[in-house]
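Okay, structure first, notes after.
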Amino acid sequence: MKRVPKRTTVDMSTKLGRLEFSSPVFTASGCAAAGKELDQFIDITTIGAVVTKSVMLNPRSGRATPRMAETPSGMLNGIGLQGPGIDDFIQNDLSWLSQKGAKTIVSIAGNNVEEFGKVADKLRDIPGVVAIEVNISCPNVENRGQVFACDPYAAADVINNVRRNVSASIPLFAKLSPDVTDITEIAKSVVKAGADGLSVINTLLGMVIDTDTLLPKLSGKTGGLSGPAIRPVAVRCVYQIRKALPNIPIIGMGGIRNGRDAIEFFAAGANAISVGTTVFNDPEACVRIHDETAEILQEKGIRSLSEIISAAHREDL
Amino acid sequence: MKRVPKRTTVDMSTKLGRLEFSSPVFTASGCAAAGKELDQFIDITTIGAVVTKSVMLNPRSGRATPRMAETPSGMLNGIGLQGPGIDDFIQNDLSWLSQKGAKTIVSIAGNNVEEFGKVADKLRDIPGVVAIEVNISCPNVENRGQVFACDPYAAADVINNVRRNVSASIPLFAKLSPDVTDITEIAKSVVKAGADGLSVINTLLGMVIDTDTLLPKLSGKTGGLSGPAIRPVAVRCVYQIRKALPNIPIIGMGGIRNGRDAIEFFAAGANAISVGTTVFNDPEACVRIHDETAEILQEKGIRSLSEIISAAHREDL
Amino acid sequence: MPIVHKGTVVDVKKVGSYFVLTATAADIPKDFKPGNFVAVAIGDERSSLILRRAFSIYQVNDRGVYGGTVDIVVSPHGPGTDYIANLKRNDPINLVGPLGKPFSLPKEPVPCVLVGGGYGAAPLFTLAEALTARGCRVDFILGASTQEKLFGMLEARRISTTLSVTTDDGTSGVMGRVTDVLPDVIKKSGAAVVYACGPMQMLKAVSEVATLHGIVSQTSVEESMACGIGVCMTCVMPIIGEDGVTRMLRSCVDGPAFRGDKVRWDEVGTIPADTWGAPEIGGH
Amino acid sequence: MPIVHKGTVVDVKKVGSYFVLTATAADIPKDFKPGNFVAVAIGDERSSLILRRAFSIYQVNDRGVYGGTVDIVVSPHGPGTDYIANLKRNDPINLVGPLGKPFSLPKEPVPCVLVGGGYGAAPLFTLAEALTARGCRVDFILGASTQEKLFGMLEARRISTTLSVTTDDGTSGVMGRVTDVLPDVIKKSGAAVVYACGPMQMLKAVSEVATLHGIVSQTSVEESMACGIGVCMTCVMPIIGEDGVTRMLRSCVDGPAFRGDKVRWDEVGTIPADTWGAPEIGGH
Ligand SMILES: Cc1cc2nc3c(=O)[nH]c(=O)nc-3n(C[C@H](O)[C@H](O)[C@H](O)COP(=O)(O)OP(=O)(O)OC[C@H]3O[C@@H](n4cnc5c(N)ncnc54)[C@H](O)[C@@H]3O)c2cc1C
Ligand SMILES: Cc1cc2nc3c(=O)[nH]c(=O)nc-3n(C[C@H](O)[C@H](O)[C@H](O)COP(=O)(O)OP(=O)(O)OC[C@H]3O[C@@H](n4cnc5c(N)ncnc54)[C@H](O)[C@@H]3O)c2cc1C
Ligand SMILES: Cc1cc2nc3c(=O)[nH]c(=O)nc-3n(C[C@H](O)[C@H](O)[C@H](O)COP(=O)(O)O)c2cc1C
Ligand SMILES: Cc1cc2nc3c(=O)[nH]c(=O)nc-3n(C[C@H](O)[C@H](O)[C@H](O)COP(=O)(O)O)c2cc1C
Ligand code: FES
Ligand code: FES
């Protein structure tokens, strides 16, 4: 029996700009593939949205194994964006999702600014796609491999180019990296370039060394740190961005494991949340966290999720 | 009975430039006060060095409570550098340490470039002080509260000024923050300005929100994330800096809990390590980690710690 | 001297809303003084909870079949306290202690009132014994929100001259607060010192009553602690020193027992402006 | 369909170097097919180990006094496997399953050789039953580094036509590797299929022997897994498809059993240059 959200009197719907969602809990890109496998455990049409694994223009093998290492309350991954390429993705994954009736946010990536535009262009008028998440936390092959999201200009260039290649009505979410001196600078830059919202945060750059071989454990040496370990960094990033950009829609993520964690993100300013690494621990997590959040709000006597969004900023007003 | 390191046939001594230490395990600034309390549990003269809590020019009350929050495999702190001021510190803490015969590295901090210099100046010719750690991860009151360590120029200014105010023979370690886009840029900048070595890393900026009040849990809103949770970030930083600066002495730290963790830092390039948050869990940690490291090396048939330092870089050579 | 004890759980008993846990800790009984606490680790290296939890020492036993043991009273209400309450006989338990400054005992055999709020009563029984041994008259007041949360009634009755009980909901004793009965107990016993342990609000109120009656109070506070051994500076409170200057003192080593009239109760959670080293306006 | 089972430990038995754990998991027995595995959570939310551990299903029981149960064989050697080996009767255990593609069974009643290395034998006993039920002759080979690490000798003897045993140190059976005896067993039994589960090096060697004898091998691989359910892409192996193209396939959903001749054994841990989507020189 697939898990579905419990009935609740709390209004759990949320908005990201003009988009409405019946639940504020989404999957996180790369932690739910394209929804099919997870749909064995939960009914994916009952969560807020499925955010798909970042897809690139061409098929991509990803990196050699080992691709992961467990870390205290977290994990390091270096998958290398393995995927089928946008055409195959649209034909198989997106058509399955739209047939199911799932709300889909497609995450896209590219090796250079142009590739982002090309991938985005393919997504015009595909049914079921409610928004595009632009994963700018990947290395820019044109600029010494520096990650787009670590440079305000490179990040803006990508968003700008994607914006030009999609219909004006489709919302773009720029996904930011926490590995920067000032995340609000990047946030402002991509919003100016045309991002309608922000996804905060991607993984932190980390390394695990194998104490037997004394070499980095992942084939790619460094990898992305995720899971509960990074939650305080993610909450801080959401909070800072909400303060700098009071009205921008934010999808918050990073180590959310239960309803209390979700509440932290909403209070910090997230309008919706994505659940990533926790899905590996609990394939039912998206529905469970929705339920737990609703229960906590109910206990507090709060009738609608919207009442707590950005609550942690109230003393600054 | 105070714990002391077990006998071992492994040569556990290490060097930081010209300085020699019988053990590579130090305390971390702010996690051992000035050694006195810890000396109830371990004989602090038997560990590599005591790195004292960052001291400023004047007495300082620190921040209001709550000053901490527990996080998954870590904690957030916002102590606000409570301390007695440099004069009282020299008179009480340093004299106790030198009388004991402990090797002491004094961590200093300041609100502005000038204050760092003044504090450093007071430390001329104080017995027992083998090096100064310059904690540049505090807010620069002259520059909109931006953290010195987040700006290569501000960081260099501090080191430059400290260098001018101490005798040429005393080694300076600049303590870096991981909250930057490129930590090697800051590392190079402070080395050019006169740092003889680097302490890597200070805490990550984080936030925990109290789900009852929906407000930040710490009185200072944000705080520093430490503990095992951040270890992969710390190892990555040490690795990156060792690659960029093959000969600079590095004191590595961030989430070290046991001998295996210590080995990761040495392999990444650290010449010595500091143990911080783990001391709260295990007051004997510095000696235990020394012992565990020696045992692992022994099992591997390695005779001297120096053989594994920077081992993770060997495939790059 | 505090040490790290790798002990074993000997017993866990439910008592009202609380759990009384007995653990082996060879050296604690001989070093122990009333008012000390222990810091308990939550699980082993696999645990994501890395900070220890502080518990007042309720009892120690030096001659039991298990060698030295220590008893604590646990009120489960969060991940760490839940973990401890769920420990079973023979489980390993790692505790550091004895920690903290003990209660100061009066030099003369003067009458003393001991006020315990909820599990705050825990450290008062060994204190009562020590006071009695010095010839002090001991009167007990136990208070809690409700009957289940009263701790140690029988024992308090046994070792004290009088026992008064209050509950917020009237399920046991007088309906009300400990400070509703305290003035009367002070007067009747002729107390020269009040000892109190319990919630911050209670300590503040007790301290005020004591001051009003011109007698000394010793309050054992409960601030959030990261290390418990004095090295981290998380557990500070604004305390007025003998020189009249307020300093942020560590409740784990300078306390947990402070003289009630020296604690700036209304400013706990702030840095009073006249504190030693307080920030200038706009400072840290 | 795999589901999340909040089960209970029914029993943990030490068998040689291993621990056989029985847990309640109501729905697994009816969905189970030989070759499936379960993913076990390491502790609750307090645990710092957030990834599940994969274990082949050794046995299932649908009609026991505990309802549906599943048995796994655990070789403790790291924090997660140590945790599981130390579980006690009545402890909670959270497992997801049945996961993975089962072994493919031959359509005809052909002779089969089953080769288990160490705890790799675990999934082969239910497989043997299924093969026997189809009329296949089953010959068993069990190998390990030493006697203590052999698993299931008695059972293998019971359900097979012949059992051959090898140990690296000669403490049991033939001193040597499973592949030292495999050619002989294939010849004597006239096997058409070899099934193998065990360390990667063994699978490679078994697969080569099978190919040499012109018969099919099914190898159940063990790649490091983060999710076990197909959503994370950590567990990939270079596998040659029916179209001759090599792809990085997920061993948790496209495996763990792959045809031995389709696995590019020498290039496990790399991206072979001709892989679908492989990076150009200097690429990702
Ligand atoms: C000197 C002293 C004596 C104490 N004696 C007892 C006792 O006898 N019986 C009893 O049940 N409790 C006692 N406490 C309180 C007990 O330490 C806390 O209830 C416990 O730490 C909370 O842990 P948790 O994981 O359940 O809750 P959480 O709120 O999840 O704890 C999170 C973090 O905050 C810290 N923390 C939270 N509340 C407190 C608190 N009130 N005091 C100290 N640290 C806190 C914890 O140590 C932990 O690091 C005492 C506290 C102190 C300081
Ligand atoms: C399909 C499958 C079936 C398996 N069947 C069994 C079995 O029947 N009995 C048994 O004892 N073991 C089995 N294993 C191996 C078992 O999953 C690992 O030994 C275990 O995950 C190691 O966990 P650890 O915490 O002890 O070690 P660690 O090395 O600390 O594990 C760290 C991380 O790496 C992963 N990992 C490490 N080694 C492996 C591995 N070999 N396979 C998968 N993940 C790994 C873990 O899941 C964990 O996330 C099987 C593995 C797979 C993939
Ligand atoms: C295995 C794995 C793969 C990921 N792949 C992607 C990806 O393709 N695109 C992306 O934008 N983020 C990717 N992420 C990052 C997550 O979407 C998320 O931002 C991050 O993991 C923090 O959330 P969490 O702690 O809940 O996992 C991946 C994370 C993991 C663990
Ligand atoms: C409570 C606390 C106080 C700290 N105070 C200081 C300080 O005064 N100066 C400093 O340079 N670092 C300070 N740090 C940072 C540590 O020295 C160390 O760099 C960091 O905590 C990472 O190491 P860890 O994970 O082992 O704790 C403090 C850390 C903690 C947890
Ligand atoms: S708890 Fe660390 S100083 Fe008191
Ligand atoms: S383990 Fe996640 S896809 Fe196989």
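Predicted, not measured: the structure shown is a model, and the values here were computed from it. Chain A is the first sequence line, chain B the second, and so forth, proteins listed ahead of strands; every chain is numbered from 1.
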[Y] and [X], any side-chain heavy atoms less than 4.5 Å apart:
{"X": "D/Ile50", "Y": "A/Pro228", "value": "yes"}
{"X": "A/Pro283", "Y": "D/Val96", "value": "yes"}
{"X": "D/Ser48", "Y": "A/Ser73", "value": "yes"}
{"X": "D/Leu51", "Y": "A/Asn281", "value": "no"}
{"X": "D/Cys232", "Y": "A/Cys31", "value": "no"}
{"X": "D/Ile229", "Y": "A/Phe280", "value": "no"}

Original post:
Any residues in residues 34-50 of chain A near chain D, with a heavy-atom distance under 4.5 Å, and which are they?
Top reply: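 Listed by number: A/Glu37, A/Leu38, A/Gln40, A/Phe41.
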**OP:** Please determine if A/Glu70 and D/Arg53 form a salt bridge, counting it only when a charged side-chain N lies under 4.0 Å from a carboxylate O.
**Re:** yes
Measure [X] against the heavy atoms of chain A and call it side chain, backbone, both or neither at under 4.5 Å.
{"X": "D/Met225", "result": "backbone"}
{"X": "D/Ser47", "result": "backbone"}
{"X": "D/Thr275", "result": "side chain"}
{"X": "D/Glu267", "result": "neither"}

Subject >> Top contributor to chain D contacts, counting heavy-atom pairs under 4.5 Å, from A/Asn58, A/Asn77, A/Thr71, A/Asn258 >> reply: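 Option with the greatest count: A/Asn258.
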Subject >> Which of A/Val279, A/Ile79, A/Thr27, A/Thr65 touches chain D most, by non-hydrogen pairs under 4.5 Å >> reply: A/Thr65
Verify the neighbour count for atom [atom1] of [X]: are there more than 12 heavy atoms of other residues, nucleotides or ligands below 6.0 Å?
{"X": "D/Trp276", "atom1": "CH2", "answer": "no"}
{"X": "D/Lys33", "atom1": "NZ", "answer": "no"}
{"X": "A/Glu284", "atom1": "CD", "answer": "yes"}
{"X": "A/Lys2", "atom1": "NZ", "answer": "yes"}
{"X": "D/Met1", "atom1": "CE", "answer": "yes"}
{"X": "A/Gln91", "atom1": "CD", "answer": "no"}
{"X": "D/Arg46", "atom1": "CZ", "answer": "yes"}

Original post:
Considering all heavy atoms of both residues, which atom of D/Pro279 and which atom of A/Ser61 are nearest to each other, and what is their separation?
Top reply: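 Minimum heavy-atom contact is CD-OG, 3.5 Å.
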**OP:** Indicate the atoms forming the closest heavy-atom contact of D/Ile271 with A/Gly62, along with that distance.
**Re:** CD1-O, 3.4 Å
Original post:
Hey, what do you get for CZ (A/Arg63) to OG1 (D/Thr234), rounding to the nearest 0.5 Å?
Top reply: 13.5 Å
Original post:
Among D/Asp27, D/Leu49, D/Thr270, which has the most heavy-atom pairs under 4.5 Å with chain A?
Top reply: D/Leu49
Original post:
Counting distance only, does the side-chain N/O of A/Arg67 pair as donor-acceptor with the main-chain N or O of D/Met233 below 3.5 Å?
Top reply: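 At least one qualifying donor-acceptor pair exists.
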